[in-house]
Amino acid sequence: MIQREGGPTLKRGPTTDDDTPVVDWANLPQGTAIEYLDASLHDAHVVSIRSNLLDRTVSINCDVEHLRDFHHLPEGFQLILELEGVQSARVFRYSIWPGEFSVPAGVSREEESRLVSQYQEKWREESYSWTEFEKSITRECEQVLDIADAALATSKESVALRLRGHLNYTVYRQVFLRAQKLTISGSNGKIFGLKEFQELGEAYWEAFRRRQLTTSNDFPGGLPRLVPASGGGKSNDT
């Protein structure tokens, strides 16, 4: 009789007892809470992703230069998204439809947007190796994921994180992670609650909006420096 060493490599299928809805972006259960994280993660650069299969964790390091400067955070400060009890890690790429496409000259912005959307609907979503994706992100070679948008779905049992953006500013990627828990921290050890994390970005974009409303006629010598509103936006950490 042959004895097998190690744990089983076959995963059992679902049973009639598995009736708890799984929080996953592929099919979100009704009533799932969704929080959009664009305020703090839009234009962030994912500079490293590290998985630990034994500990079932995925750690995502994000460099958000404009928030670091705005809040006077330490040089080299990064935001860290730490997922624990990871159940799923997926990344998708797109094969572009090879047919002819062009936007006629003189069309409105609305018509141009409609034509581009129709064209992109012909692209094919394809699965991509998570291991290769992790390896492709290296700060030393400026291979970063530039985040366009981010969202978090939560339930009592799990969380699902979605990141979308361009790798090396050229190829589009969609990243999906499902885990039992998400912790957001700074590289200086500070832990951020979700509300506090959101406020980091909201303070910056509010200041950005105020600055945009200021005309150059009000400041002939140039627009004022982007700074936090009085009493807010500045970190107490050193």
- Message: Measuring from atom CG of Asp149 to atom CG of Leu41, what distance do you get when rounded to the nearest 0.5 angstrom?
- Response: 10.0 Å
- Spacing of Glu126 atom CD and Phe92 atom CZ [to the nearest 0.5 Å]: 11.0 Å
- Task: Give a yes or no on whether Ile96 and Tyr128 share a hydrophobic cluster (residues Ile, Leu, Val, Met, Phe, Trp, Tyr; joining criterion: side-chain heavy atoms under 4.5 Å apart).
- Result: no
- Task: Please say whether more than 12 non-hydrogen atoms of neighbouring residues, nucleotides or ligands are located less than 6.0 Å from CD in Gln120.
- Result: yes
- Query: Cation over ring, Lys190 on Phe192, under 6.0 Å and within 45°?
  - Reply: yes
- List the atom of Ala150, the atom of Asp38, and the distance in Å for their closest heavy-atom pair. N-OD1, 2.8 Å
- Message: What I want to find out is whether Glu199 reaches Lys195 closely enough, with some N-O distance under 4.0 Å, to be called a salt bridge.
- Response: yes
- Is it the case that one hydrophobic cluster holds both Ile191 and Leu73, taking links as side-chain heavy atoms less than 4.5 Å apart, direct or via other members? no
- Message: I want to check a possible cation-pi pair here: Arg124 against Tyr94, using under 6.0 Å from ring centre and within 45° of the ring axis as the test.
- Response: no
- Of the non-hydrogen atoms in Ser187 and Ile80, which two are nearest, and what is the gap between them? CA-CD1, 4.0 Å
- Answer with yes or no whether the hydrophobic clustering places Trp205 together with Leu194; edges join I, L, V, M, F, W, Y residues whose side-chain heavy atoms lie under 4.5 Å apart. yes
- Can you name the nearest heavy-atom pair linking Ile137 to Ser48, along with the distance? CG2-N, 3.8 Å
- Task: Can you sort out the partners of Tyr119 under ring-ring contact (aromatic ring centres under 6.0 Å, His included), two or more places apart, ordered by chain and number?
- Result: Phe101, Trp123
- Task: Test side chain to side chain contact (heavy atoms under 4.5 Å, CB included) on Val175 and Leu145 and set out the steps.
- Result: CA-CA 10 Å; Val175 177; Leu145 180 70; 4.2 Å; yes
- Query: If Ile, Leu, Val, Met, Phe, Trp and Tyr residues are connected whenever their side-chain heavy atoms lie under 4.5 Å apart, and connections chain through other members, are Val86 and Val46 in the same group?
  - Reply: yes
- Message: Under a 3.5 Å distance rule, please check whether Asp55 uses its side chain to pair with a backbone N or O of Thr57 as donor and acceptor.
- Response: no
- Message: For a quick check under 3.5 Å, do Glu82 and Thr183 share a side-chain donor-acceptor pair by atom type?
- Response: no
- Task: Calculate, to the nearest 0.5 Å, the distance between atoms CZ and OG belonging to Arg56 and Ser51 respectively.
- Result: 12.5 Å
- Query: Does Leu81 reach the side chain of Leu161, with side-chain heavy atoms less than 4.5 Å apart?
  - Reply: yes
- Would you give the length of the straight line joining atom CD1 of Ile147 to atom NE2 of His166, rounded to the nearest 0.5 angstrom? 13.0 Å
- For residues Pro104 and Leu115, report the shortest heavy-atom separation together with the two atoms involved. CD-CD1, 3.8 Å
- Task: Please determine which of Gln198, Arg162, His42 meets the side-chain contact (heavy atoms from CB on, under 4.5 Å) test together with Tyr36.
- Result: Arg162
- Give the minimum heavy-atom separation between Ser40 and Gly201, together with the two atoms involved. OG-N, 3.0 Å
- Would you give the length of the straight line joining atom CD1 of Ile60 to atom CD of Gln78, rounded to the nearest 0.5 angstrom? 12.5 Å
- Can any side-chain N or O of Ser117 pair as donor or acceptor with the backbone N or O of Ser113 at less than 3.5 Å? yes
- Query: Roughly how far, to the nearest 0.5 Å, is the CD atom of Glu65 from the CZ atom of Phe77?
  - Reply: 14.0 Å
- Should Arg90 and Ser88 be marked as a side chain to side chain donor-acceptor pair (under 3.5 Å) after you check the CA-CA gap, both sets of side-chain angles, and the distance that decides it? CA-CA 7 Å; Arg90 310 189 305 278; Ser88 176; 2.7 Å; yes
- Task: Taking all non-hydrogen atoms of both residues into account, name the closest pair between Asn52 and Leu54 and its distance.
- Result: OD1-N, 3.1 Å
- Just say parallel, tilted or perpendicular for the rings of Tyr204 and His66, cut-offs at 30° and 60°. tilted
- Message: I'd like to know if the side chain of Ser158 and the backbone of Ser155 have a donor-acceptor N/O pair within less than 3.5 Å.
- Response: no
- Task: Please check if Leu79 and Val47 belong to a single hydrophobic cluster, counting links between Ile, Leu, Val, Met, Phe, Trp and Tyr side chain heavy atoms closer than 4.5 Å.
- Result: no
- Please report the C-alpha distance between Phe133 and Ile49 in whole Å, then the side-chain angles of each, then the deciding distance to 0.1 Å, and finally whether the side chain to side chain contact (heavy atoms under 4.5 Å, CB included) criterion is met. CA-CA 9 Å; Phe133 175 64; Ile49 301 178; 3.5 Å; yes
